[in-house]
Structures are given as structure tokens and as C-alpha cells.
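Working notes for the structure below.
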Amino acid sequence: SPVHTFGVFSPTPWPPAGGFCFEPVPRRCLRAGCNSDVILLMKAPANPKRRAAAEIVRRLRAKKFQAYFVGGCVRDLVMGCEAADYDGATDATADQVLTLYHEGLTVGAAFGVIIVPRDAGNVEVATFRSDGRYADGRHPDEVSFARTPEEDVRRRDFTVNGLLFDPVKEKVLDFVGGQADIRRRV
């Protein structure tokens, strides 16, 4: 299974084919230039931005959608650092997200992206997708929406940005080997 409990890398591979399981112990942040002591961030009180993003995930889940934190925020948390901002990924369409969050900003609705403003800061919520060709290297020429988080993370630029975190179950989902790349500092 690609699901791992959040914590510190263990030298014991799990599952046997790859990835790493975690042990919940204190350690130092791995981000370059950061000298903070970290005591299992997922068990520590969340900062306001993380709480706001987690509430969005919970609300989407209550409406029977899949929803997770995704990308750089998960990378930072796995490295033991508090993230500066939080993004979500879901199987809800942009219209469905807007039904729940009428105040949502439709700056990227054509790509399935809605920005949900919160007092603590904006949370970007993106529909799972599978991108086509990128003519300009940054924006896809076409977008196909996906039904699973696995499809979504396989399109991402780096494995470390393809990590998902379930803030409800406090589990990291790694379908692309991002945790192993962080361990190797790739």
C-alpha cells in the first residue's frame, strides 16, 4: 500500500517494493537553511493556514468527494517544516467546489482550479487531472479531468510535488516515490 503514517523516515523499506515508512519521533528540519527543531508537525497544533486547508478537505469529504493536501506543502511537512501555503486536490469539479464555496475565485476554473479565500490566506483547490501536451512548458494545451489521486500526481513536475497528505487520517500517500527522493535529497 502507498499509504504511510506521517513521521520520520525509517531505514526499513515499506512496502518492500519501495517507499519508506515513518516513525513519529522529533528531528531537525531538512530544508536548506532551516535550523528548527521539529516535533512531528501533524501532531502539533496546526498553523491557521493548515487548519483552513484541512477544513476545506473535511468539507469536501463530507460531501463524498476525495480530497487531500498536495504538492509543496506535503513535501515541506514530510521534510519536517511548516509549509508557507497549502493546496488541495480533489475529484470535485470547479463548479462543485464553487457550490460549496460561493466566494471562490475562478482564476483557473478552465483547468479545474478554484482559489478559496480564507482569513488565514487563500487555499488553491484543483480538480484531479491528467494533462496533455505543454506547448509553452507551463500551461497544458488540453486538460482531461481524472477520477483518482494517482492519475493526478503522475502528471506533476517532480516526484516530491506528487505527494498527497490526508489531514483527516494523518497519512502521506506516495504513488510516485517522492518520499524516497526526499530521503536521497534528489
Side-chain angles (χ1 to χ4, degrees), residues 1-34 36 38-44 46-47 49-50 53-54 56-57 60-61 65-91 111-113 123-132 134 137-138 140 143-186:
S1 166
V3 178
H4 306 281
T5 302
F6 184 82
V8 177
F9 289 107
S10 164
T12 308
W14 183 260
F20 290 86
C21 59
F22 292 97
E23 298 170 358
V25 295
R27 66 183 173 98
R28 283 264 198 224
C29 177
L30 296 176
R31 187 169 32 198
C34 183
S36 322
V38 175
I39 300 176
L40 197 59
L41 286 172
M42 288 299 104
K43 299 294 183 190
N47 77 20
K49 286 183 180 183
R50 184 165 13 127
I56 291 168
V57 167
L60 285 163
R61 294 266 185 88
F65 296 111
Q66 299 175 76
Y68 304 95
F69 291 173
V70 68
C73 65
V74 182
R75 175 204 61 223
D76 289 352
L77 292 171
V78 167
M79 290 174 62
C81 302
E82 188 65 70
D85 54 64
Y86 289 82
D87 295 332
T90 181
D91 60 344
F111 298 103
V113 179
V123 177
E124 188 175 287
V125 179
T127 303
F128 298 151
R129 65 183 193 237
S130 174
D131 295 343
Y134 283 74
R138 175 141 168 79
V143 174
S144 299
F145 294 108
R147 296 302 305 160
T148 68
E150 296 95 329
E151 289 176 89
D152 182 71
V153 298
R154 292 190 196 291
R155 72 171 176 83
R156 294 183 180 266
D157 54 355
F158 298 105
T159 59
V160 297
N161 289 335
L163 295 170
L164 297 159
F165 182 75
D166 180 340
V168 175
K169 295 181 180 178
E170 294 190 352
K171 301 278 185 187
V172 172
L173 284 76
D174 184 3
F175 301 106
V176 294
Q179 294 173 100
D181 284 349
I182 289 172
R183 180 170 166 72
R184 289 192 306 267
R185 295 180 183 240
V186 173

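Here the structure is a predicted model, which is why all the values come from computation and not from measurement.
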Would you say [X] and [Y] make side-chain contact, with heavy atoms under 4.5 Å?
| X | Y | result |
| --- | --- | --- |
| Tyr68 | Pro149 | yes |
| Leu164 | Val172 | no |
| Glu150 | Val176 | no |
| Arg61 | Asp166 | yes |

Counterpart residues, salt bridge (Lys or Arg N to Asp or Glu O under 4.0 Å), relative to Asp87 (two or more places apart): none

Applying side-chain contact (heavy atoms from CB on, under 4.5 Å) to Glu124 and Tyr86, what does each step give before you reach the verdict? CA-CA 7 Å; Glu124 188 175 287; Tyr86 289 82; over 6 Å; no

For a quick test of reading the model, state the closest non-hydrogen atom pair linking [X] to [Y] and the distance between them.
| X | Y | answer |
| --- | --- | --- |
| Val57 | Pro167 | CG1-CG, 3.8 Å |
| Ala126 | Val113 | CB-CG2, 4.0 Å |
| Arg156 | Ala89 | NH2-CB, 4.4 Å |

Inter-residue atom distance [X].[atom1] - [Y].[atom2], 0.5 Å rounding:
| X | Y | atom1 | atom2 | value |
| --- | --- | --- | --- | --- |
| Phe145 | Asp152 | CZ | CG | 10.5 Å |
| Arg50 | Cys73 | CZ | SG | 9.5 Å |
| Thr148 | Arg154 | OG1 | CZ | 8.0 Å |
| Leu163 | Leu77 | CG | CG | 10.0 Å |
| Ser130 | Arg155 | OG | CZ | 8.5 Å |

List the residues meeting side-chain contact (heavy atoms from CB on, under 4.5 Å) with Asp91, not counting sequence neighbours, and say none if there are none. Phe65, Gln66, Phe128, Arg147

So, are Arg75 and Asp181 salt-bridged, with charged N and O less than 4.0 Å apart? no

Short side-chain to backbone donor-acceptor contact, Asp174 and Gln179, under 3.5 Å: yes

Has the side chain of Arg129 got a donor or acceptor atom that lies under 3.5 Å from a matching backbone atom of Gly112? no

